[in-house]
Student: 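Structure in C-alpha cells, see below.
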Amino acid sequence: MNRSASFIERMADDTDSRRRTQFVNEIKKHPQFRPYMLEPPKKPWKEVKPGNGPVVVTHQARNTGHETKRPHQWGPLGGW
C-alpha cells in the first residue's frame with residue numbers, strides 16, 4: 001500500500017470516529033436518553049457448555065389456591 005492510500009485510510013477512520021463521537025454526544029443531550037442504549041445488544045440465548053450438568057431445568061407447578069373445582073368447559077357460551 002502506498003503512502004497516499006494509507007493517509008486517505010487514516011483520514012477516513014479519523015473522520016468516522018469524530019463523526020460517531022459527535023453523534024453520540026448529541027444523543028446524550030436528549031431527555032429520553034438512557035446509558036444502556038449505547039451498550040451492545042445482549043445475546044438472546046445463554047451459552048451452554050456441555051459436560052457441566054443437565055441442560056434441562058425442571059420446575060414444579062405451584063397451586064395458588066384459586067384453582068376451580070372442575071376444569072373449565074370451553075364452548076360457545078363460555079362454559080355455561
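Fair warning: this is a prediction, and the values are worked out from it, not measured in the lab. These values consider heavy atoms only, across backbone and side chains, with no hydrogens, waters or symmetry-generated copies.
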Student: Taking salt bridge (Lys or Arg N to Asp or Glu O under 4.0 Å) as the definition, give me every residue that meets it alongside Arg20, ordered by chain and number, with sequence neighbours left out.
Tutor: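 Expected list: none.
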Student: Could I get the full list of side chain to side chain contact (heavy atoms under 4.5 Å, CB included) partners for Ile27, not counting sequence neighbours?
Tutor: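 So Ile27 forms a side chain to side chain contact (heavy atoms under 4.5 Å, CB included) with Phe23, Phe33.
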Student: By salt bridge (Lys or Arg N to Asp or Glu O under 4.0 Å), which residues pair with Glu26, not counting sequence neighbours?
Tutor: Lys29
Student: Sequence neighbours excluded, which residues qualify as side-chain hydrogen bond (donor to acceptor under 3.5 Å, both in side chains) partners of Arg18?
Tutor: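 side-chain hydrogen bond (donor to acceptor under 3.5 Å, both in side chains) list for Arg18, sorted by chain: Asp14.
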Student: What's the separation between atom CZ in Arg34 and atom CD in Gln32, rounded to the nearest 0.5 Å?
Tutor: 7.5 Å
Student: Which residues pass the salt bridge (Lys or Arg N to Asp or Glu O under 4.0 Å) test with Asp16, sequence neighbours left out?
Tutor: Arg19
